[in-house]
Amino acid sequence: MEGVKAMNRDIITQDAAMAFADHHLHIPDRFVRADEVPAAGEVVESSELPVVDMARLLDPEHREEEIAWLGSACRSWGFFQLINHGVDQAVIQKMKENTVQFFELPLEDKNTVAVRPGGIEGFGHHFRSSAGKLDWAENLIVQTQPFQQRNLDFWPSNPPTFRDSIDKYTVEMSNLTMRLLRFMASDLGVEQEPLLAAFRGKRQSTALHHYPPCRHPEKVIGIAPHSDSFGLTLLLQVDDTPGLQVSNGGRWHPVRPLPGAFIINIGETLEVLTNGLYRSVFHRVVVDTERDRVTVVVFQDVCIDGVLKPLPELGEPLYHAIGKLEYFKGHTTEVVGQGERFIDTLKK
């Protein structure tokens, strides 16, 4: 969801910052993508994402029914909203506050952690189309786990509590992921440990997105359609501005975030791990004419001994095994070409 599909990274320039700050200004040409923005007729206005209740998952009386509902959401939508998740509200609130404070800083302050040539981490434009067009967004991406691979050069020290907020928040997301996986294992009919082990100790990345308002939303894209390259994505909506849309049944379905909920989606690598039982679907972000939209997105990676392949417990594999590095190269090509998903080429 709002996934990391980085390929060509750019430092945010003053003209872009000025256009973001005043949505009545001229839109710089490198953001204009009117020919890529689908017509409004392709959007369904009345659908709702499945809502999964963690309290029911934890309640022996309702657990079986809610696990089945969780599995149905992962199979049919690849997305769901999670309520009563049990994550520390103080940690969530501090993360929200610090994220907003960071994006409100002057450009020169944000560029102290700017993305570097050839890198992924840092602040800047991380997403560019094959035609060289940029998404209407500014982003901060940092690797948050394993701990020993953190590069604090890209972790903002302004606001002063931000690093601590990121640390505490991402630990909470790791714990929430493990809780969810236990129930997914029950739905899949596999032992918990093989599924947990495939996620344990793997890379976790965190992306903060700011989508400024735009007076001509039909000309720009917040994030172009894509599927996430990781295992599980957990999105925190900082405000109530809509924008995320999910592809299902050949139509785009706007997501109306529930207060206090996380939006969870299946990534491509979890689709492979589950032998195609769970779906990773295309999604995109459109921008609002008047309101900013800010999100915090955590990506949990998954593999088995450095290889992407289905869990052996799920029977005859429907996908060819592939090394993680080779997979990521293929996924990047998929995004650049705006074609079919790379994992579909791995199907037997």
Side-chain angles (χ1 to χ4, degrees), residues 1-6 8 10 12-49 79 81 99-100 103-104 107 110 123-140 207-228 233 235-258 263 265 281-297 335 338:
M1 119 189 6
E2 306 185 18
V4 175
K5 55 184 183 68
N8 296 300
D10 298 88
I12 291 182
T13 58
Q14 193 62 47
D15 67 326
M18 290 175 63
F20 287 167
D22 186 347
H23 61 284
H24 294 291
L25 291 179
H26 172 73
I27 301 172
D29 182 65
R30 66 179 185 270
F31 292 99
V32 177
R33 304 168 71 169
D35 58 333
E36 298 179 49
V37 181
E42 297 180 17
V43 178
V44 175
E45 294 295 343
S46 59
S47 60
E48 297 288 345
L49 280 188
F79 267 82
Q81 298 203 59
T99 300
V100 171
F103 284 122
E104 288 177 344
L107 178 61
K110 290 182 284 190
F123 170 75
H125 297 298
H126 291 76
F127 315 127
R128 182 192 292 184
S129 74
S130 56
K133 296 291 187 175
L134 298 174
D135 291 346
W136 189 257
E138 54 180 356
N139 316 284
L140 172 69
L208 314 180
H209 300 297
H210 170 224
Y211 307 95
C214 180
R215 65 191 174 98
H216 292 295
E218 74 281 1
K219 295 182 178 181
V220 300
I221 296 177
I223 290 185
H226 66 284
S227 57
D228 291 351
T233 304
L235 181 145
L236 171 67
Q237 182 96 16
V238 173
D239 46 48
D240 60 357
T241 306
L244 176 64
Q245 297 183 348
V246 175
S247 178
N248 188 287
R251 308 287 293 277
W252 288 107
H253 300 258
V255 176
R256 299 170 180 82
L258 298 175
I263 300 172
N265 71 280
V281 302
F282 280 94
H283 47 284
R284 68 181 186 184
V285 174
V286 298
V287 299
D288 195 82
T289 55
E290 299 292 336
R291 295 179 292 171
D292 297 82
R293 180 171 180 265
V294 178
T295 59
V296 178
V297 189
V335 173
Q338 297 297 313

Going from [atom1] on [X] to [atom2] on [Y], what distance comes out if it is rounded to the nearest 0.5 angstrom?
X: Leu208; Y: Asn139; atom1: CG; atom2: CG; value: 8.5 Å
X: Arg256; Y: Leu49; atom1: CZ; atom2: CG; value: 9.5 Å
X: Phe103; Y: Phe123; atom1: CZ; atom2: CZ; value: 6.5 Å
X: Thr241; Y: Glu290; atom1: OG1; atom2: CD; value: 11.0 Å
X: His209; Y: Arg293; atom1: NE2; atom2: CZ; value: 9.0 Å
X: Leu244; Y: Asn265; atom1: CG; atom2: CG; value: 8.0 Å

What do the steps show when you test Asn248 against Val281 for side chain to side chain contact (heavy atoms under 4.5 Å, CB included), and what is the final call?
CA-CA 8 Å; Asn248 188 287; Val281 302; 5.8 Å; no

Is Tyr211 close to Thr295 at the side-chain level, that is, under 4.5 Å between some pair of heavy atoms?
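Yes. Closest side-chain heavy atoms under 4.5 Å.
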
Please walk me through it: do Arg284 and Ile223 pass side chain to side chain contact (heavy atoms under 4.5 Å, CB included)?
CA-CA 5 Å; Arg284 68 181 186 184; Ile223 290 185; 6.0 Å; no

Heavy-atom pair with the smallest gap, counting every atom of [X] and [Y]:
X: Lys133; Y: Asp29; answer: NZ-O, 2.8 Å
X: Val287; Y: Cys214; answer: CG2-CB, 4.0 Å
X: Pro242; Y: Arg291; answer: CD-NH2, 3.3 Å
X: Arg33; Y: Ile221; answer: NE-CD1, 4.1 Å
X: Gln81; Y: Pro257; answer: OE1-CA, 3.5 Å

Using 30° and 60° as the class limits, which term best fits the ring planes of His283 and Phe79: parallel, tilted or perpendicular?
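His283 and Phe79: perpendicular rings.
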
Check whether any side-chain N or O of Trp136 sits under 3.5 Å from a backbone N or O of Pro212 as a donor-acceptor pair, and report yes or no.
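The answer is yes, because a donor-acceptor pair under 3.5 Å joins these two groups.
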
Does Asp292 have any side chain to side chain donor-acceptor pair (under 3.5 Å) partners at least two apart in sequence or in another chain, and if so, which?
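For Asp292, the residues satisfying side chain to side chain donor-acceptor pair (under 3.5 Å) (neighbours in sequence not counted) are His210.
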
